[in-house]
There are 2 protein chains.
Amino acid sequence: MARVPEAAVKRLPIYLRVLSDLAEEGAEVISSAELSRLTGLSSEQIRKDFVYFGVLGKRGVGYRIGHLCHRLRQLLGLEEEVRVALVGAGNLGTALARYNLMRQKEVRITAVFDRDWDKVGKKIEHLEILPMEDLERVIREQGIKMAIIAVPPSSAREVADALVEAGVKAILNFSPVKLDGRGKAYVKNIDLTMELEALAFYAGGREKG
Amino acid sequence: MARVPEAAVKRLPIYLRVLSDLAEEGAEVISSAELSRLTGLSSEQIRKDFVYFGVLGKRGVGYRIGHLCHRLRQLLGLEEEVRVALVGAGNLGTALARYNLMRQKEVRITAVFDRDWDKVGKKIEHLEILPMEDLERVIREQGIKMAIIAVPPSSAREVADALVEAGVKAILNFSPVKLDGRGKAYVKNIDLTMELEALAFYAGGREKG
DNA sequence: ATTTGTGAATTACTTCACAGCA
DNA sequence: TGCTGTGAAGTAATTCACAAAT
């Protein structure tokens, strides 16, 4: 099992979703052609990805769904609950927390922090908002390896550094600054303002899809 | 000015943000090397992108910031206000609306729709939530070409079709279903649940960045 | 001297085409 | 025969390296 290309990692959750549904319906095997129909990805790509993931099928038959699900969960570390810290309990942070707590079981926000003492002590669903002073301690205690940043741009950099310092290995950053993990963590930046602007390019009538 | 590659379009808003700041500070020209420092992109890539955008610099000098900003705004259609429809006023939709209304002036949500009659008539900031029955009429009246979908997965497909039918050309879809524009609109899917899961792969200690 | 604009090389990803196994 | 696994070909995006312009 060689290195998994970034593009294939992005597809991992797509496979997992479709395959989990199939498993629940009781299906046992599936061909790359059928998965292609269900995911919209090409069957060759699916076969290549599965080789990256270290999963082999049976020629003439297909892939074992249970085995696939297990392997994908393993790769994503979902076999044990993945705990996530959220920093920033403004509109966006609160919505992300509610959204996550409702839907997701495996990757779950278990700690929320905010700098604003008016918010500290209040709750989002059942989770109490904690002060920044508790960040490092709580992250270490819970063994948290993932975090979401939803703070204003001015404090994003220092928050990211504090998270990395506390041992976080992967960060989803929604604040409109391009952050990096200083070589110690993987950072994915999602700038909603920019996404909207980029979309405007296509609304202008230049392209279709 | 040939076709602009998708990868370059994604960088357009990055350039615009940095350059707008520079323009406000009164700067007049900038080299690709300096922009590289400010954006984290390579200077060659910046020069290539600017050629795609149809912007030429002066050798030995650099690029005219005012000219660049104007051209980028033009490409993104930001010279006139870009109006956006939001469908779905749940947690996520409401947060997106608040977030957008606070920050963004050029690309702006000007209409919010929800299926739930309990929400219809209520307000997000100053915007009244409208019933789905008004969708097509309002979109046509306002000449809206962009939309955000933040509804449950079960109704996402029909909402997308209704939007395209009403003349929307670009959609940002936050519901966890892969939508396409049926050849008539550009659709960008952002599945936050999947983003979080994919991130878990990197939290597992396999990679850095 | 400085910085652009670009053809060539490189890298990353996808699709094609088919050999090989159940 | 059916479907996998893979080398080869193709496509897209990035980086290199340098000639041309001011």
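When reading the values below, keep in mind they use all heavy atoms of this one structure, side chains included, and skip hydrogens, waters and symmetry mates. Proteins get letters first, then strands, A, B, ... in listed order; numbering begins at 1 in each.
Across the protein-nucleic acid pair, A:I46 atom CD1 and D:dT4 atom C1' stand 13 Å apart, rounded to whole Å. One interatomic measurement links the two molecules: CG of B:L41 to P of D:dT15, which rounds to 9 Å at whole-angstrom precision.
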Item to complete: Give the B/S/- string for nucleotides 11-19 of chain C, one per nucleotide from 5' to 3', where a protein heavy atom under 4.0 Å of the base yields B, of only the sugar-phosphate yields S, and otherwise -.
Response: --SSBBB--
Practice prompt. Apply side chain to side chain contact (heavy atoms under 4.5 Å, CB included) to B:L35 and B:T39, showing your working.
Written response: CA-CA 6 Å; B:L35 256 181; B:T39 58; 4.2 Å; yes
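Below 30°, between 30° and 60°, or above 60°: for B:Y186 and A:Y202 the angle between ring planes is below 30°, a parallel geometry.
OP1 or OP2 of D:dT4 sits under 4.0 Å from a side-chain N or O of A:S32.
For A:R137, the side chain to side chain contact (heavy atoms under 4.5 Å, CB included) partners two or more places apart in sequence, or in a different chain, are A:D134, A:E141. In this view, B:I124 and B:A89, B:T94, B:A97, B:R98, B:V112, B:I129 satisfy the side chain to side chain contact (heavy atoms under 4.5 Å, CB included) rule, not counting sequence neighbours. Remark: A:E28 pairs with no residue by the side chain to side chain contact (heavy atoms under 4.5 Å, CB included) rule, at least two apart or across chains.
The side-chain hydrogen bond (donor to acceptor under 3.5 Å, both in side chains) test with A:N173 singles out one residue from A:D180, A:N189, A:D191, and that residue is A:N189.
Between the side chain of B:S32 and the backbone N or O of B:R47 there is no donor-acceptor pair closer than 3.5 Å. In this structure, the side chain of B:R83 does not engage the main chain of B:M146 through any donor-acceptor pair within 3.5 Å.
Rounded to the nearest 0.5 angstrom, B:L72 CG and B:L12 CG are separated by 5.5 Å.
Residues of residues 20-30 of chain B having a heavy atom closer than 4.0 Å to DNA chain D: none are found. For the contact set between residues 62-70 of chain A and DNA chain C, defined by any heavy atom under 4.0 Å, there are no members.
Remark: the A:R103 side chain and the B:T193 side chain contain no N/O donor-acceptor pair separated by less than 3.5 Å.
Residue contacts shown for A:S43 are absent, as no nucleic acid heavy atom lies under 4.0 Å away.
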